Amino acid sequence: MVVDNYKTVRQEIDKTARKCGRDPSEITLIAVSKTKPLSDIEKLIDIGVEDYGENKVQELCDKYENVSKPVRFHLIGHLQTNKVKYVVDKACLIHSVDSVKLAKEIQKEACKKNIIAEILIEVNVAEEDTKFGLKVNEVIPFIEEISSYSNIHVNGLMTIAPFVENPDDNRKYFRTLKQLSLDIISKNIDNVNMNILSMGMTNDYKVAIEEGATMVRVGTAIFGTRNYNI
Ligand SMILES: *Cc1c(COP(=O)(O)O)cnc(C)c1O
């Protein structure tokens with residue numbers, strides 16, 4: 001099931017990309033495995049899937065330690081400063097950096113471990129109270145401030161769009177994030193690139209691709225619905 005679902009999503013991504021004149025190979029599908037057992041991940045590892053998304057530090061670390069082959073785990077959920085030390089050398093990319101306090105802590109722990117932490121800036125484009133992330137107009141000053149952190153490398157932007165019935169309603173948010181990335185590129189900030197736009201989930205990944213996503217984070221369409229009560 002999981003393998004078939006993954007292949008179906010990947011095909012839909014490729015189809016959508018071609019339809020809008022994009023090269024499918026520039027779009028990474030992150031299989032969001034949060035709350036799902038390692039056995040599901042192993043099925044995908046068997047067919048060569050390398051990118052997984054987790055939103056909790058503990059769960060990411062557990063899975064990281066126990067997978068049969070090294071694969072990439074993306075931290076896509078909110079990160080508390082006191083947990084940075086556990087995950088900074090295990091997550092291949094932290095998608096959710098949204099405060100100077102957090103960036104400082106990542107800098108400190110990455111420096112201690114002598115690594116460069118690869119990060120994205122989380123932007124709350126729709127300004128939903130329930131979501132984390134910087135407001136659009138806060139992003140450039142924030143990046144300018146943290147660009148001097150020598151153990152942090154900014155690779156792009158991430159957003160979580162609102163839950164909507166009609167995915168087309170999120171198009172404007174994806175478009176805003178893409179435009180923001182272009183504005184940042186034009187500033188030529190040292191140590192900062194905008195190669196990655198992490199946007200689009202089960203409901204809206206096709207629209208996100210049409211608007212320039214280079215990473216989509218898909219959980220439900222691959223692994224089925226999540227049960228948070230177990
Ligand atoms: C859970 C989650 C996803 C995946 O959501 P689905 O709707 O199940 O595809 C993507 N991004 C983030 C940040 C998430 O927490």
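We count residues from 1, following the sequence as given. Only heavy atoms go into these numbers, but all of them, side chains included; no hydrogens, no water, no symmetry mates. Since the structure is predicted, the reported quantities are computational estimates derived from the model, not experimental observations. As the structure lists them, so they are numbered: ligands from 1, and atoms in each ligand from 1.
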**Prompt:** Could you give the distance from CD (Glu105) to NZ (Lys85), rounded to the nearest 0.5 Å?
**Reply:** 7.0 Å
**Fill in**
Residue set satisfying side chain to side chain contact (heavy atoms under 4.5 Å, CB included) with Val100, at least two apart, ordered chain then number -> Lys104, Phe142, Glu145, Tyr149
**Message:** Looking only at protein heavy atoms, which one is nearest to atom 8 (O) of ligand 1, and what is the separation?
**Reply:** Thr220 OG1, 2.5 Å
**Prompt:** Would you say ligand 1 has an N or O under 3.5 Å from any N or O of Asn203?
**Reply:** no
**Complete:** protein heavy-atom neighbour closest to atom 11 (N) of ligand 1 works out as Arg217 NE, 2.8 Å
**Prompt:** How far does NZ of Lys135 sit from CG of Asn124, to the nearest 0.5 angstrom?
**Reply:** 9.0 Å
**Item:** Which residue and heavy atom of the protein sit nearest atom 15 (O) of ligand 1, plus the separation
**Value:** Lys34 NZ, 2.6 Å
**Prompt:** If you draw a 6.0 Å radius around NZ in Lys19, do more than 12 non-hydrogen atoms from other residues or ligands fall strictly inside?
**Reply:** no
**Request:** Could you tell me which atoms of ligand 1, counted from 1 in the order shown, lie closer than 4.0 angstrom to a heavy atom of Val218?
**Result:** 9 (O)
**Asked** Under 6.0 Å from the CG atom of Asn114, do we count more than 12 heavy atoms belonging to anything else shown?
**Response** no
**Message:** Using a 4.0 Å cut-off to any heavy atom of Gly219, which atoms of ligand 1 qualify?
**Reply:** 4 (C), 6 (P), 8 (O), 9 (O)
**Prompt:** Between Glu50 and Arg72, is there a side-chain N and carboxylate O pair less than 4.0 Å apart?
**Reply:** yes
**Fill in**
Candidates Thr202, Thr35, Leu75; heavy atom nearest atom 6 (P) of ligand 1 found on Thr202
**Asked** Phe73 vs Tyr52 aromatic rings, parallel, tilted or perpendicular, using cut-offs 30° and 60°?
**Response** tilted
**Item:** Contact check, His95 vs ligand 1, heavy-atom distance below 4.0 Å
**Value:** no
**Prompt:** Among all protein non-hydrogen atoms, which one is nearest to atom 5 (O) of ligand 1, and what is the separation to 0.1 Å?
**Reply:** Met201 CE, 3.5 Å
**Message:** For ligand 1, which is the ligand I care about here, please tell me if Ile76 has any N or O atom under 3.5 Å from one of the ligand's N or O atoms.
**Reply:** no
